[in-house]
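A short write-up of the structure that comes next.
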Amino acid sequence: MTIELHDVRAQYRRLKPRIDARMQAVLEHGQFIMGPEVAELEAKLAAFVGVKHCIGVSDGTKALLVAMMALGIDPGDEVITTPFTFIATGEMIALLRAKPVFVDIDPRTYNLDPAKIEAAVTTRTRAIMPVSLYGQCADMDAINAVAARHGLAVIEDGGQSFGALYHGRRSCALSTIGTTSFFPTKALGCYGDGGACFTDDDALAERMRQIRVHGQSRRYYHPIIGINARLDTLQAAVLLAKVEVLAEDLAARERIGRRYGEKLAGAVRTPYIEPHNRSVYAQYTIEVDARTDVQARLKAEGIPTAVHYPLPLHLQPAFAGLGLGEGSFPKSEAAARRVMSLPMHPDLDEATQDRIVAAVRSAVAVRTAA
Ligand SMILES: Cc1ncc(COP(=O)(O)O)c(C=O)c1O
């Protein structure tokens, strides 16, 4: 049996009748753009997250862009963020001709270290954009406190943390705007691209709604510059079917994540989840020595792994213009050399997980003995 990193087909087999019915309904009513499923989904997700407004968008990258456009981030403005993330976070800041200002991570959680943020604030800083990496929220209260002292907006990039809890509150409800991605392998994923922005601020919500449809307030009338960042109706339909089992899927992910933690303890560095956090384990990411060898041994055993992420943003060629060399953010650089993600999805059964655990234990043991 093939083991997959994120087995999206197993979930489809489990949910087929309800997903098919939802998609069929869209095919029949034919409102593929901004059909009724989009508003229905937005209402459900806003209630789930615990905010007034959810704005469905085309993907998690555009969610970041729409959020920053609504906040009026201009060329030359600075946005503080982490270098240890997927490219989209820094990329959208740069796309607006604003400057990503990187601050190193707390190596225990891989999230932005709040104690280091204040030193990076300048007169040009407009916002802080923490990422809730691997499914665990960044320390949002501490980040919001720095932001409040300096009058900054906070955008939580919840591209990996939809459904996570922080002090009992949901990811994406913890700051000025929260954004997420519904990429197929996410804790809540669709069958293509999808994303959303969340806020309690009525004016920002209105701007984001306009921006996602070309800055339009009514048909063919455009008070502001926007883009096309609409969530497809078919994707909203898939998400509506999956939202019904979201609580179960999140519980399964947490159970599987904890079980990995128990079974791998002592062999590798397993994820540290803060006591006030509940992770959705978007990735189950461990740390190992000699990662390339360990990955090769696991591959030979039929176990796929991935590295999220091998090169921090400040060392990416696309950000060479910032002039930040090796050694600028040592914690992020060290993590990038050591992290490795194991198969993780809600349908991972215990027998398969045991096989993965045994293979990891033996792959790291061989390495230690060598
Ligand atoms: C933290 C983070 N932000 C943003 C994104 C971008 O999301 P999308 O692929 O939906 O554009 C991702 C995607 O994986 C992500 O992990």
Side-chain angles (χ1 to χ4, degrees), residues 1-14 83-87 105 107-110 133-136 159-160 181 183-187 189 191 249 252-273 279-313 315-317 326 331-370:
M1 199 198 69
T2 322
I3 300 179
E4 293 185 37
L5 202 58
H6 304 281
D7 192 345
V8 294
R9 287 175 301 171
Q11 192 202 34
Y12 177 59
R13 285 194 292 274
R14 174 163 48 92
F84 193 55
T85 177
F86 179 61
I87 185 76
I105 54 166
R108 291 177 318 153
T109 61
Y110 308 104
L133 206 70
Y134 303 149
Q136 165 168 229
Q160 299 184 11
S181 160
F183 189 83
T185 56
K186 305 286 181 183
Y191 289 159
D249 277 8
R253 283 179 168 276
E254 199 173 25
R255 178 173 41 73
I256 294 162
R258 287 200 176 139
R259 193 163 182 275
Y260 261 139
E262 286 155 18
K263 304 249 164 200
L264 288 170
V268 296
R269 213 209 95 165
T270 56
Y272 166 74
I273 309 299
S279 177
V280 298
Y281 294 101
Q283 319 293 347
Y284 189 85
T285 306
I286 60 174
E287 280 189 34
V288 292
D289 298 325
R291 181 175 63 197
T292 315
D293 293 355
V294 173
Q295 282 193 286
R297 285 179 202 290
L298 290 171
K299 192 172 175 206
E301 297 290 321
I303 293 161
T305 57
V307 176
H308 304 97
Y309 296 93
L311 195 61
L313 299 198
L315 300 179
Q316 293 285 352
E326 190 102 25
K331 308 287 189 220
S332 298
E333 292 165 25
R337 280 191 293 270
R338 294 178 52 81
V339 292
M340 187 184 89
S341 304
L342 300 177
M344 165 52 84
H345 56 88
D347 297 279
L348 187 67
D349 61 71
E350 292 197 351
T352 309
Q353 193 181 21
D354 289 344
R355 208 179 120 193
I356 297 164
V357 166
V360 172
R361 281 191 164 274
S362 94
V364 296
V366 169
R367 180 59 219 165
T368 318

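- Annotation: the span from D7 atom CG to R13 atom CZ amounts to 6.0 Å, rounded to 0.5 Å.
- Under the 4.5 Å side-chain criterion, counting only non-hydrogen atoms from C-beta, V288 is in contact with R291.
- Checking side-chain atoms of Q316 against main-chain N and O of L311 turns up a donor-acceptor pair under 3.5 Å.
- By the 4.5 Å heavy-atom criterion applied to side chains, S362 and E301 are not counted as neighbours.
- For the pair Y272 and Q136, the tightest heavy-atom approach, listed with the atom from each and the gap, is O-NE2, 3.1 Å.
- Side-chain contact between V268 and V364 is present, with at least one heavy-atom pair separated by less than 4.5 Å.
- Taking each heavy atom of L348 and Y260 in turn, the nearest pair found is CD2-OH, 3.7 Å.
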Derivation and outcome, side-chain contact (heavy atoms from CB on, under 4.5 Å), residues I286 and R269 = CA-CA 5 Å; I286 60 174; R269 213 209 95 165; 6.0 Å; no
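- A pairwise comparison of heavy atoms in V366 and R297 identifies CG1-CZ, 3.2 Å as the closest pair.
- The CG atom of L5 sits 10.5 Å away from atom CE of M344, with the distance rounded to the nearest 0.5 Å.
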Could you walk me through whether D354 and R361 pass the salt bridge (Lys or Arg N to Asp or Glu O under 4.0 Å) check?
-> CA-CA 10 Å; D354 289 344; R361 281 191 164 274; over 6 Å; no
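- With salt bridges taken as basic N to acidic carboxylate O contacts below 4.0 Å, one links R258 and E254.
- T270 places no side-chain N or O within donor-acceptor distance of the main-chain N or O of A265, the cut-off being under 3.5 Å.
- Counting heavy atoms from C-beta on, the side chains of R338 and D289 come closer than 4.5 Å.
- Partner of H6 under the side-chain hydrogen bond (donor to acceptor under 3.5 Å, both in side chains) criterion, out of Q283, K186, Q11, H345: Q283 alone.
- Nearest heavy atoms, I105 versus A335: CD1-CB, 4.2 Å.
- A perpendicular orientation is assigned to the rings of Y134 and H308, their planes being inclined by more than 60° (bins at 30° and 60°).
- Within the model, atoms CG of L133 and CD of Q160 stand 4.5 Å from one another, a figure rounded to the nearest 0.5 Å.
- Pairing each heavy atom of Y284 with each of P271, the nearest pair is OH-CD, 3.1 Å.
- Salt-bridge formation is not detected for the pair D349/R355: no Lys NZ or Arg NE/NH1/NH2 atom is positioned less than 4.0 Å from an Asp or Glu carboxylate oxygen.
- Shortest non-hydrogen contact noted between I3 and P343 is CG2-CG, 3.9 Å.
- With rounding to the nearest 0.5 Å, the separation of CD in Q353 from CG in L264 is 8.0 Å.
- Going from atom CD of E4 over to atom CG of D347 covers 11.0 Å, rounded to the nearest 0.5 Å.
- D293 contributes atom CG, which lies 11.0 Å from atom CG of L298 (distance to the nearest 0.5 angstrom).
- Residues L342 and T305 meet the side-chain proximity criterion, which asks for heavy atoms closer than 4.5 Å.
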